[in-house]
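Here is how names work: the chains are called A, B, and so on, in the same order as the sequence lines, proteins then strands, and each is numbered from 1.
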There are 2 protein chains.
Amino acid sequence: MIVRQAANVLDLLEYFSGIQRPASLAQISKDMGWPRSSTFNLISTLIKRGFLYEPKPRGGFYPTPRWLALANEIAAANPLPTQAVDLMQDLAELSGETVWLAAPNGQQAVILAVIQSTHAIRYTADVGKQVPIHLTASGQATMSQMSRQQVSAILKKATFTQYGDGTPMSVPEVEEAIADGLQQGWFSSASAYSQDLGGVSVPLTIDGLHYSITVAGPLFRVEHQMPETALQMHLAIKRHFGSSYMHDNLSNLHALSP
Amino acid sequence: MIVRQAANVLDLLEYFSGIQRPASLAQISKDMGWPRSSTFNLISTLIKRGFLYEPKPRGGFYPTPRWLALANEIAAANPLPTQAVDLMQDLAELSGETVWLAAPNGQQAVILAVIQSTHAIRYTADVGKQVPIHLTASGQATMSQMSRQQVSAILKKATFTQYGDGTPMSVPEVEEAIADGLQQGWFSSASAYSQDLGGVSVPLTIDGLHYSITVAGPLFRVEHQMPETALQMHLAIKRHFGSSYMHDNLSNLHALSP
DNA sequence: ACTAGGTGTCCACATATGTGGACAAAAGGG
DNA sequence: CCCTTTTGTCCACATATGTGGACACCTAGT
């Protein structure tokens, strides 16, 4: 069951992050398609709790910096290692494509950090976006670090929807993709979940937690250089983490090195 | 009407900001006093939306950096001028007490930024905290920048509760406090809303928006030096903003200068 | 292997909740 | 100035929602 008013709070947060200026009750109500009275209730709750305020009288409502203060404290406790951020930055510059870090989350992989490509035509993903763990390179790369049991637990519940013409459509296909990825040291996908999107992912274990790093962009731009990209990624990881980072399964990544 | 599930989201956010580590469903349910099934619903909603994830399987849930990403975008749009932040920093060092910036918000004043005192015994306020606008120095300082009509609109709806032994208990008392504050260029309170808390506030107009800056601490430490504090504040404001910042009503602040 | 205690998940019903509509007050236009 | 529009606010009822309890699964300890 989805908790509507909880989702509404999130919607509102995203709304303000989008418009980036105060909005009146009526404005919000219209933009969100909520009844005025319901909007009023939600807004007054947020105001009462100090999460929303009226920067100037009759000038509309806007979130207080309290969101930022709390989010900062939360993020400070689980920081992504600066190494990982540096690595991403490095890869973003080398490849010019969008780079992200993802973690497994049940049947999905969540994006925890992104650096957008600077290309005019690029894939845009936001932090918090989720993709099916078994259908995407990002997800498969995280799965490659799990035990056989964990993987099969995920695949048991997996469903298959044809999102693009590269979508794997059966459990064996996914198992094979993971096996291949483990062998060659990197994972790729092409129009698997997002049509016309191609990407290369490598697994990364930090502090015992399993992540994946992905470099992705429009298929026409990335598809012909996946092995080179994978090699770049591998070398970059080595630069930033040494060799200690690697999951046991990944010793064969070395095969990539010249 | 308070929207319960919206408030629950906020509670959860504050909860994680407090414990700063992943918590299992059962843990959350216990700590929050929510039924397990309700907790489940709320959590799965947040997960589905990419605001919560499971850093490691069976290792509890934790907010994703998406909160931070959104809060950053929101805060970036309405930045408090760096001048104001610098000013606060300056005052915090000079006084050693807690310093905050507040804005009017209906019948309350919201705290938008705080720098905590370094003293062992100090007043602790968080961003987003609200105090009655008519009872506190912070609030009165913001009101002093409003038109006569706006002030009386607020006072018309005002209610009086004796929070401490310095709480003003009638509209005329508040009006007098504002008049006095305008005349001397600063506002003070002592045990008005928080018992044993004393503070000095000065009004501040930035980009046409009305704020107040407050230096506050335990009454025994601050009560005997309020005029000196006010002078320090006034000089600091002059340093950081020049004289242009001042609201028309405040020209008499100059009286403080040596 | 089996139990005990832990986890997350699901569903039907009672109850708490969202909402249409009516309101007052302010803002804007002629 | 009055009239119109738009603002925020309130309430009673119908309806959408939270929740107790039962379940399946997993882990740890005997």
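At a threshold of 4.5 Å between non-hydrogen side-chain atoms, the residues B:Q150 and B:P104 do not count as touching. Taking the side chain as every heavy atom from C-beta outward, B:D180 and B:E176 approach each other to under 4.5 Å. Contact of the A:L70 side chain with the B:W67 side chain is not registered, since no non-hydrogen atoms from C-beta on lie closer than 4.5 Å.
Shown here for B:A216 and B:L197, the closest heavy-atom pair between the two residues is CB-CD1, 4.1 Å.
Going from atom OG1 of A:T45 over to atom CG of A:N41 covers 6.5 Å, rounded to the nearest 0.5 Å. Taken from CD in B:Q108 to CG in B:L135, the straight-line distance is 9.0 Å, to the nearest 0.5 Å.
Interface residues of residues 21-42 of chain A facing DNA chain C, ordered by number: A:P35, A:S37, A:S38, A:N41; criterion, heavy-atom separation under 4.0 Å.
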Identify each donor-acceptor pair in which a side-chain atom of residues 22-32 of chain B lies under 3.5 Å from a protein atom, sequence neighbours left out, and give them as a table.
{"unit_1": "B:S24", "atom_1": "OG", "unit_2": "B:Q27", "atom_2": "N", "d": "3.1"}
{"unit_1": "B:S29", "atom_1": "OG", "unit_2": "B:W34", "atom_2": "O", "d": "2.9"}
{"unit_1": "B:D31", "atom_1": "OD2", "unit_2": "B:Y15", "atom_2": "OH", "d": "2.5"}

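Distance CD1 (B:I47) to P (C:dT9): 7 Å, rounded to an integer number of Å.
Summary of the strand contacts: A:R4 and A:E54 both lie near DNA chain D, and taking for each the nucleotide with the nearest heavy atom, the more 5' one is attributed to A:E54. DNA chain C is contacted by both B:A153 and B:I2; B:I2 maps to the nucleotide lying nearer its 5′ end (nearest heavy atom per residue).
The nucleotide range of DNA chain D contacted by chain B, defined by atoms under 4.0 angstrom from heavy atoms of the protein and reported 5' to 3', is D:dG18 to D:dG21.
Remark: side-chain polar atoms of B:Y53 are not paired, donor with acceptor, to backbone N or O of A:I111 under 3.5 angstrom.
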